[in-house]
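To keep things clear, I will list the structure first and then write my remarks on it.
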Amino acid sequence: MAPMTQKRVSILGATGSVGLAAVDLIQGAPERFRTEAVAGGSNAAALAAVARTTGARFVAIADPGQYGALRAACAGLDAELAAGPDAVIEAALRPADVVIAAIVGIAGLASTLAACRPGVTIALANKEALVSAGPVVLARAAAAGATILPVDSEHSALFQVYEPTRAHAVASLTLTASGGPFRDWSTARMAEVRVEDALKHPNWDMGAKITIDSATMFNKGLELIEAARLFPLPEDRIEIVVHPQSIIHGFATYRDGSVMAQMGAPDMRTPIAVALAWPDRMETPVARLNLAAIGSLTFEAPDPERFPALALARAALRAGADRPAILNAANEAAVAAFLDRRIAFLDIAAIVAETLAAVPQGPAATLDDVMAADAAARRFAAAAINRRRAA
Ligand code: NAD
Ligand code: MG
């Protein structure tokens, strides 16, 4: 085989579920990749372990209080260490061919924007950045000459089956949803859900925030908005179907009746590999799909009554402006409160709905607009959370 040039990769959110899956792929293909920078939130030991396995040249921890712990844990490593939010931005600015944006929440927005530089491919897992600040992120990437490739499995599927040059021939795009752990639970039963129940996802092993989002189906709501950003199709031509086995991740329905679907085991290493190797393909350790062993694939329509997140997201997407940012910020605040056991499971969607109704609509044309909307939504949501605790 002809020798290939190594791609320089930086991983933002390197200690998370997506970050570690990326590390696994990079470690398995040293002839293809070398790690430039890794950044994490506050777990110094986990970040140091990643720095050690990847040989990253620059290691950034967002929590400045963890700098000492990072230094101690990185003893003997030939890497530059830094701490604080600016250090995470610096990690995004280091010379790289691919930046994996895998920080969770709006906390990943600034570094995703910083990663937008000429010739850089941004492998984007951080869907909250695209939901809240879609037009800002896409404009920044286009102006800088950066390419955004989706890592979210459904969007990776659509990226693989959707031909932009034949967009006029596409009738609709469909995202599949596992339905989460409460797919067939009654609302009354969901009212009693404990944090432990919601953290048990049937198919995917993911970070806590997205696991709760999967249980409420806000994850699919966010993904609907994410899809509309990435594949410019009107909201009413992006559909969601529940598919409990998570084997088909997304499909494009062409006007001639052809349906192009992408399939794969529910393992994030496949969509990450698609973005890492693009436009090539790479070998991964992901188990080959054995359809005979799986036996049957089933599908059902999502239930809007039990999962109000979907209609809230659709309405936010239709309304545009700052509505997606408000929805995202209220959801982030409510999920954090649920994980802290300060509110009940069904309060999450209720708080998002209340916040959208209460905070007047504003613009989302600039980063300042988005951050102002995010802050306004968090202020209202915090009060709504406190009212419930007092009740
Ligand atoms: P996770 O909680 O496992 O990891 C989050 C990472 O972000 C960690 O490395 C953490 O240290 C870092 N982080 C958190 N706050 C930070 C901050 N302020 N500054 C710097 N780093 C910070 O989350 P995850 O499941 O890996 O998800 C990451 C993103 O990918 C999310 O946006 C999620 O929606 C998306 N995503 C995840 C999956 C999955 O399978 N896990 C699938 C699709 C999309
Ligand atoms: Mg997804």
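Whatever order the structure lists ligands and atoms in, that order sets their numbers, starting from 1. Because only heavy atoms are used, hydrogens play no part in the values below, and waters and symmetry mates are left out as well, while side chains stay in.
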Which pairs would a plain distance check flag for residues 300-310, meaning a side-chain donor or acceptor within less than 3.5 Å of a matching protein atom at least two apart in sequence or in another chain?
unit_1	atom_1	unit_2	atom_2	d
Glu300	OE1	Arg183	NH1	3.2
Glu300	OE2	Arg183	NH1	3.4
Asp303	OD1	Glu305	N	2.8
Asp303	OD1	Arg306	N	3.4
Asp303	OD2	Arg306	NE	2.8
Arg306	NH1	Arg183	O	2.9
Arg306	NH1	Trp185	O	2.6
Arg306	NH2	Arg183	O	2.8

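The set of protein atoms (N, O or S) found at less than 2.8 Å from the Mg ion (ligand 2) reads Asp152 OD1, Glu154 OE1, Glu223 OE2, by chain and number.
Proximity of a side-chain donor or acceptor of Asp340 to a complementary backbone N or O of Arg342 within less than 3.5 Å is not detected. For the pair Arg269 (side chain) and Leu25 (backbone), a donor-acceptor distance under 3.5 Å is absent.
For the 3.5 Å distance criterion, the side chains of Ser132 and Glu128 fail to qualify, holding no donor opposite an acceptor. Remark: the Lys127 side chain and the Asn328 side chain contain no N/O donor-acceptor pair separated by less than 3.5 Å. Counted by atom type alone, Glu223 and His155 present zero donor-acceptor pairs between their side chains at under 3.5 Å.
The contact shell of ligand 1, taken as protein residues with any non-hydrogen atom closer than 4.0 angstrom, comprises Gly13, Ala14, Thr15, Gly16, Ser17, Val18, Gly40, Gly41, Ala62, Ala102, Ile103, Val104, Ala107, Ala125, Asn126, Lys127, Glu128, Asp152, Met206, Gly207, Ile210, Met268.
Leu230 pairs in a side chain to side chain contact (heavy atoms under 4.5 Å, CB included) with only one of the listed residues (Ile148, Leu124, Leu158), which is Ile148.
With sequence neighbours excluded, no residue satisfies side-chain hydrogen bond (donor to acceptor under 3.5 Å, both in side chains) with Asn43.
Cation-pi geometry between Arg388 and Phe338 is not met: the NZ or CZ atom fails to fall both under 6.0 Å from the ring centre and inside 45° of the normal.
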